Enquirer: 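Just passing along the structure, written as structure tokens.
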Amino acid sequence: MDVSRYVDDRPEDGVFRVNRAIFTDEAVFARELERIFEGGWVFLGIESQAENPHDFFTTTMGRVPVLVQRDGEGTLRAFVNSCPHKGARLAQTRAGNARLHVCPYHSWSFDSAGRSKAIKSQRAGCYSAAFEQTDHGLAALPRFETYRGFLFGSLAADVPPLADYLGEAAKLLDLVADQSAEGLELVPGQVTFTYEANWKLQLENCSDAYHFTSAHPSYIRVLERRQQEMSADVVASVWENSDYWKEEAEGVAGGSYSFASGHVLNWGIFGITPAIPLYESAGALAERHGEGKRDWMFNMRNLTIFPNLQIAENASSQLRVIRPVAPGLTEMRTWCIAPKGESDAARRQRIRQYEDFFNPTGMATPDDTVSYENCQIGYSGTVEPWLQGYSRGMTATVPGGNRFSELIGMTPERSVLADAQLCDETLFHSYYRAWAQRMAGGEEA
Amino acid sequence: MSALLTRAEAEDLLYREALLIDTQRFAEWLELFTPDVEFWMPAWRDETTTTEDPDRELSLIYYKGRRNLEDRVMRLTSGLSTASSPLPRVVHQVTNVMVLDADEAAARVSAAFTCHRFDVRMNRTDCFFGRYEYRLAPCEGAWRIACKKITLLNDTIPTVVDINAI
Ligand code: FES
Ligand SMILES: [Fe+2]
């Protein structure tokens, strides 16, 4: 595929443009599934989703149903969630506990290590010798690795080790994993929503500082009302203590980091404030990890691990998994992610902040997803196919890190240091450079 | 208002609530709630159970206090929310109303609902359905909603669900 038709990347001319077709074209989408979601590292879930012996959870990689299963000895494995007999989906639920999976169609069974346990009426089956010699276990994912409790799989075997794929961005996962010595958990209660637009709109929006005051003025007004009132009925918001969203704020407010393989972070300074549930651990975290790293845990952070994991720690803490369904349809699976062992009060605060901001039944996310749908509608207008939304920060981006990334010994490929108004868009370049790399080559699509 | 809530009174209140939302008379809708109302739509924990402890588990919506509902109404009608402008057209059908128990201080009522929503913006029709559980309490000479729990059965949310479509 000639990717220059979709991504016009000419740094020497100060040009970076993305063609609208990248969000609508059926052939592009089919190739994204094949090359990106079914052809490389994809986030599957976190370890605590299958904590105990024989626990499992299910997910998808592109179109492929996946089963992540812990066996009796504690080993986690990942399989295609499809019976080798005639292909039926094996595990039917999002999560559960099973020593044995029995296929609902013809009762072939599998133990929690994925091995074939029994084939119904095998002796009477008049099978050939060739069949008897075939392995009837579940097909394991060609690659399956974990980093700090974050589980990733690949349907292609020829990918670099996970640590290489994550690269320096792994240090941003550390900031999540290290918030508690006991590790991480997903708060019970999964929220799933869809939107009628391309998956890359979610990818971009997470990293888009520019939209906040434009798309969320109704939410900002609610915050202002609550701030005036200080009633015990309303939950404290982290934004109240921050200038981050105020357009007139001055000085360094945050910025962005871009990494190889398409991972990006945008971030802002919140400070150590009681409005953040982690506040109760501020002292202990500084002792354990040093003040620099502790301060980073309190920064507003929107992290994308390309292509399908986002961890947003801003109004609260959210883990999102992006699933492309069609060029104009995306499914989002979302959870509140939290450090294990936090106090009841901190947990309650985290949950309340989360519901208001992140839920599709809340006061912020709908104004994002509806904007994605507006974009998707607008993309049909191809009179001028090239989009102009990748240009802010073009003269601010520098190679390597800065004094903030040094605090956690992190060396990104590029960085931007920003005040509240800059709202860098060059971090999107990292998405589309990784995208172009993965999509390029091979037979013409 | 009778000393013990009757089914007819419960139906009147629930139908009136539906009408007020459907016709966007939000100020009157808010008056149906007690100041310390608990307004709760749990999330689903798994295929068969919803979350039960709003302090330890996630809800789709959880508020204690009517003033939070006032925030939601303010946002919905502010003209500042893309998702809410124009407001979708909705109609609630509330059925299967039963008074589960009643004394002078309170009554518990259950009902079933469907809400049809036409999102003009996207030319898209959705239907949400589930169950209501109310705790009604007498307040200034009328039965008011002290607690409303909404169990949304089809919880894969198509882009957005706001307080007017549940
Ligand atoms: S498809 Fe599973 S046993 Fe036949
Ligand atoms: Fe947003």
Side-chain angles (χ1 to χ4, degrees), chain A residues 92-96 186-197 214-223 225-226 229 231-235 331-336 344-345 347-352 354-356 358-374 377, chain B residues 35-37 40-85 119 121-124 126 128 150 152 154-163 165-166:
Chain A
Q92 306 289 310
T93 55
R94 286 172 179 174
L186 301 181
V187 174
Q190 178 192 320
V191 175
T192 305
F193 61 93
T194 56
Y195 62 81
E196 291 185 32
S214 308
H216 302 301
S218 67
Y219 178 71
I220 291 171
R221 183 168 292 187
V222 168
L223 296 184
R225 251 172 67 119
R226 289 179 178 178
E229 228 168 279
S231 130
D233 282 351
V234 301
V235 63
E331 182 193 83
M332 299 293 304
R333 297 195 173 192
T334 60
W335 288 267
C336 180
D344 287 349
R347 182 58 58 91
R348 185 187 325 116
Q349 184 185 12
R350 184 183 297 279
I351 291 172
R352 288 294 91 78
Y354 182 100
E355 291 155 350
D356 255 3
F358 285 126
N359 272 343
T361 45
M363 293 192 280
T365 291
D367 291 318
D368 294 315
T369 46
V370 162
S371 295
Y372 311 167
E373 292 179 344
N374 282 332
I377 290 167
Chain B
D36 62 348
V37 62
W40 181 27
M41 180 159 73
W44 285 83
R45 197 188 283 141
D46 51 41
E47 279 77 3
T48 51
T49 56
T50 61
T51 54
E52 280 164 2
D53 178 357
D55 287 348
R56 304 289 309 169
E57 300 177 299
L58 196 68
S59 300
L60 285 163
I61 296 178
Y62 183 85
Y63 293 118
K64 193 92 185 73
R66 184 175 63 199
R67 81 98 26 268
N68 292 292
L69 295 179
E70 290 165 11
D71 281 348
R72 296 296 297 246
V73 166
M74 191 273 282
R75 174 175 175 279
L76 210 56
T77 54
S78 65
L80 297 174
S81 154
T82 325
S84 325
S85 340
D119 179 350
R121 191 181 53 82
M122 289 297 283
N123 193 21
R124 179 168 65 199
D126 296 296
F128 303 101
I150 302 153
L152 179 67
N154 52 338
D155 73 320
T156 297
I157 308 286
T159 313
V160 51
V161 172
D162 214 315
I163 51 166
I166 48 168

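Protein chains get the first letters and strands the later ones, always in sequence-line order, with residue 1 at the start of each. Note that this is a predicted model, so its numbers are computed, not measured.
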Enquirer: When heavy-atom pairs shorter than 4.5 Å are enumerated against chain A, which of R67(B), E70(B), R121(B) gives the highest number?
Expert: R67(B)
Enquirer: As an exercise, state the distance from CD of E196(A) to CG of D119(B), rounded to the nearest 0.5 Å.
Expert: 9.0 Å
Enquirer: Can you tell if the side chain of N68(B) reaches within under 4.5 Å of the side chain of R226(A), non-hydrogen atoms only?
Expert: yes
Enquirer: Who wins among R350(A), Q92(A), R221(A), E373(A) for the most heavy-atom pairs under 4.5 Å with chain B?
Expert: E373(A)
Enquirer: List the residues meeting ring-ring contact (aromatic ring centres under 6.0 Å, His included) with Y63(B), not counting sequence neighbours, and say none if there are none.
Expert: none
Enquirer: Is any NZ, NE, NH1 or NH2 atom of the basic residue among D53(B) and R347(A) found under 4.0 Å from an Asp or Glu carboxylate oxygen of the other?
Expert: no
Enquirer: Can you check whether R94(A)'s main-chain N or O pairs, donor with acceptor, with E47(B)'s side chain at less than 3.5 Å?
Expert: yes
Enquirer: Can a donor-acceptor pair be found, under 3.5 Å and without considering hydrogens, that links the side chain of R352(A) to the backbone of P54(B)?
Expert: yes
Enquirer: What part of R66(B) gets closer than 4.5 Å to chain A, counting heavy atoms only: side chain, backbone, both or neither?
Expert: neither
Enquirer: Working to the nearest 0.5 angstrom, can you tell me the gap between T156(B) OG1 and R333(A) CZ?
Expert: 8.0 Å
Enquirer: For A43(B) and Q190(A), which heavy atoms make the closest approach, and how far apart are they?
Expert: CB-O, 4.4 Å
Enquirer: I'd like to know if the side chain of D55(B) and the backbone of R348(A) have a donor-acceptor N/O pair within less than 3.5 Å.
Expert: no
Enquirer: Sort out for me which of M332(A), E331(A), E355(A) touches chain B most, counting heavy-atom pairs under 4.5 Å.
Expert: E355(A)
Enquirer: Relative to chain B, which segment of V191(A) carries a heavy atom at a distance below 4.5 Å: side chain, backbone, both, or neither?
Expert: side chain
Enquirer: Quick one: side-chain hydrogen bond (donor to acceptor under 3.5 Å, both in side chains) partners of D344(A), sequence neighbours excluded?
Expert: R56(B)
Enquirer: Would you indicate whether the side-chain heavy atoms of I377(A) and M122(B) approach each other to under 4.5 Å?
Expert: yes
Enquirer: Tell me, out of I351(A), T369(A), V187(A), who's got the most heavy-atom pairs with chain B below 4.5 Å.
Expert: I351(A)
Enquirer: With a 4.5 angstrom heavy-atom cut-off, could you sort out which part of D368(A) is near chain B: side chain, backbone, both or neither?
Expert: neither
Enquirer: Nearest 0.5 Å please: distance from the CD1 atom of I157(B) over to the OH atom of Y195(A).
Expert: 16.0 Å
Enquirer: Mind checking the OG1-CG spacing from T82(B) to D367(A)? Nearest 0.5 Å is all I need.
Expert: 4.5 Å
Enquirer: Distance-only, no hydrogens or angles: does the S81(B) side chain make a donor-acceptor pair with backbone N or O of S218(A) under 3.5 Å?
Expert: no
Enquirer: Non-hydrogen atoms of chain A under 4.5 Å away: do they reach the side chain of S59(B), the backbone, both or neither?
Expert: both
Enquirer: Within this structure, what is the CG-OG1 distance for the pair L152(B) and T361(A), rounded to the nearest 0.5 Å?
Expert: 9.0 Å
Enquirer: Determine whether a donor-acceptor pair (N or O, by modelled atom type, separation under 3.5 Å) exists between the side chain of R75(B) and the backbone of V222(A).
Expert: no
Enquirer: Let me confirm one number: the OG1-CG distance from T334(A) to L58(B), rounded to the nearest 0.5 Å.
Expert: 7.5 Å
